[in-house]
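Once you've had a glance at the structure underneath, I'll fire off some questions.
Just so we're clear, the structure is a prediction, and the values are computed from it rather than from any experiment.
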Amino acid sequence: MGSASTPAGADLVRAAGAAHVLDHGSAGYLDELTRISDGRGPSVIIEMAAHLNLEMDLTVLATAGRVVLVGSRGSLDFTPRLAMVKEATILGLALWNATPAETTDALTGVAARLREGALAPVVGDTLPLREAAAAHRRVLEQGSRGKLVLIPE
């Protein structure tokens, strides 16, 4: 399961392998998530915007589920009881904390999946390295899709 807010974004989520794509911009989309999970909710939520979504995630998460935080652009008021009721695990993940050995293992695994064709990264745009500041601003914009690749000159 995945979500998007535009038809183009939904196409990307489907292309990445999601069997169900929800429109996170529409009212009631979380009801649909509960329905397609037979009322249980997802066991794992990978959250890209915790500052906006963590409270909602905890309302639909399966009991003993996990929310993995990989993105947040601010703070939020948090109700710990929501995590307690679900006996949820909330895990923050930052790649820069990986050891050199973990980084090597991860990159080796990704390279192998790329060679096998099991991974197909979506490149949204390419820019020359001299435009790195503009690229950073673009990545932070609403509706950005795919990876932005900087090309050294």
* What residues, two or more places apart in sequence or in another chain, satisfy side-chain contact (heavy atoms from CB on, under 4.5 Å) together with Leu107? -> Thr103
* To do: For Ile151, look at atom CD1 and say whether over 12 heavy atoms of other residues, nucleotides or ligands are found less than 6.0 Å away.
  => yes
* To do: List the atom of Ile90, the atom of Ala83, and the distance in Å for their closest heavy-atom pair.
  => CD1-CB, 4.2 Å
* **Residues Leu69, Val67; criterion side-chain contact (heavy atoms from CB on, under 4.5 Å); working and verdict** => CA-CA 6 Å; Leu69 309 178; Val67 181; 3.7 Å; yes
* Asked: Quick check: are there more than 12 heavy atoms from other residues, nucleotides or ligands sitting under 6.0 Å from CD1 of Ile46?
  -> no
* To do: Establish whether Val68 and Met48 are linked, either directly or via other cluster members, by ILVMFWY side-chain heavy-atom contacts under 4.5 Å.
  => yes
Quiz: residues 53-62 side-chain donor-acceptor pairs under 3.5 angstrom, not counting sequence neighbours:
unit_1 : atom_1 : unit_2 : atom_2 : d
Asn53  : ND2    : Glu47  : OE2    : 3.0
Asn53  : ND2    : Ala49  : O      : 3.4
Glu55  : OE1    : Thr79  : OG1    : 3.4
Glu55  : OE2    : Thr79  : N      : 2.6
Glu55  : OE2    : Thr79  : OG1    : 3.1
Thr59  : OG1    : Met56  : O      : 2.6

* Asked: Which pair of heavy atoms, one from Ala4 and one from Ala10, lies closest together, and at what distance?
  -> CB-N, 3.3 Å
* If a pair satisfies side chain to side chain donor-acceptor pair (under 3.5 Å) and one of its residues is in residues 9-24, list it, with sequence neighbours excluded. => Ser3-His24, Asp11-Arg14
* Spell out, yes or no, whether Leu12 and Val123 are grouped together once hydrophobic residues are joined by side-chain heavy atoms under 4.5 Å, including indirect joins. => no
* Structure fact -> Applying side-chain hydrogen bond (donor to acceptor under 3.5 Å, both in side chains) to Glu32 and not counting sequence neighbours gives Arg35
* Asked: What are the two closest heavy atoms between Arg73 and His51, and how far apart are they?
  -> N-ND1, 3.0 Å
* Is there a path of hydrophobic side-chain contacts, each under 4.5 Å between heavy atoms of I, L, V, M, F, W or Y residues, that connects Ile45 with Met1? -> yes
* Asked: Are Val44 and Leu93 co-members of a hydrophobic cluster defined by side-chain heavy atoms under 4.5 Å apart?
  -> yes
Between side-chain atoms of residues 125-137 and protein atoms elsewhere (two or more places apart, or another chain), which donor-acceptor pairs fall under 3.5 Å?
unit_1 : atom_1 : unit_2 : atom_2 : d
Asp125 : OD2    : Arg138 : NH1    : 2.2
Arg130 : NH1    : Glu153 : OE1    : 2.1
Arg130 : NH1    : Glu153 : OE2    : 2.9

* Linked, directly or transitively: Leu82 and Phe78 (ILVMFWY side chains, under 4.5 Å) -> yes
* Structure fact -> Residue pairs passing the salt bridge (Lys or Arg N to Asp or Glu O under 4.0 Å) test with at least one member in residues 102-122, sequence neighbours excluded, are Arg113-Glu116
* Asked: Of all heavy-atom pairs between Leu150 and Pro152, which one has the smallest distance, and what is that distance?
  -> O-CD, 3.6 Å
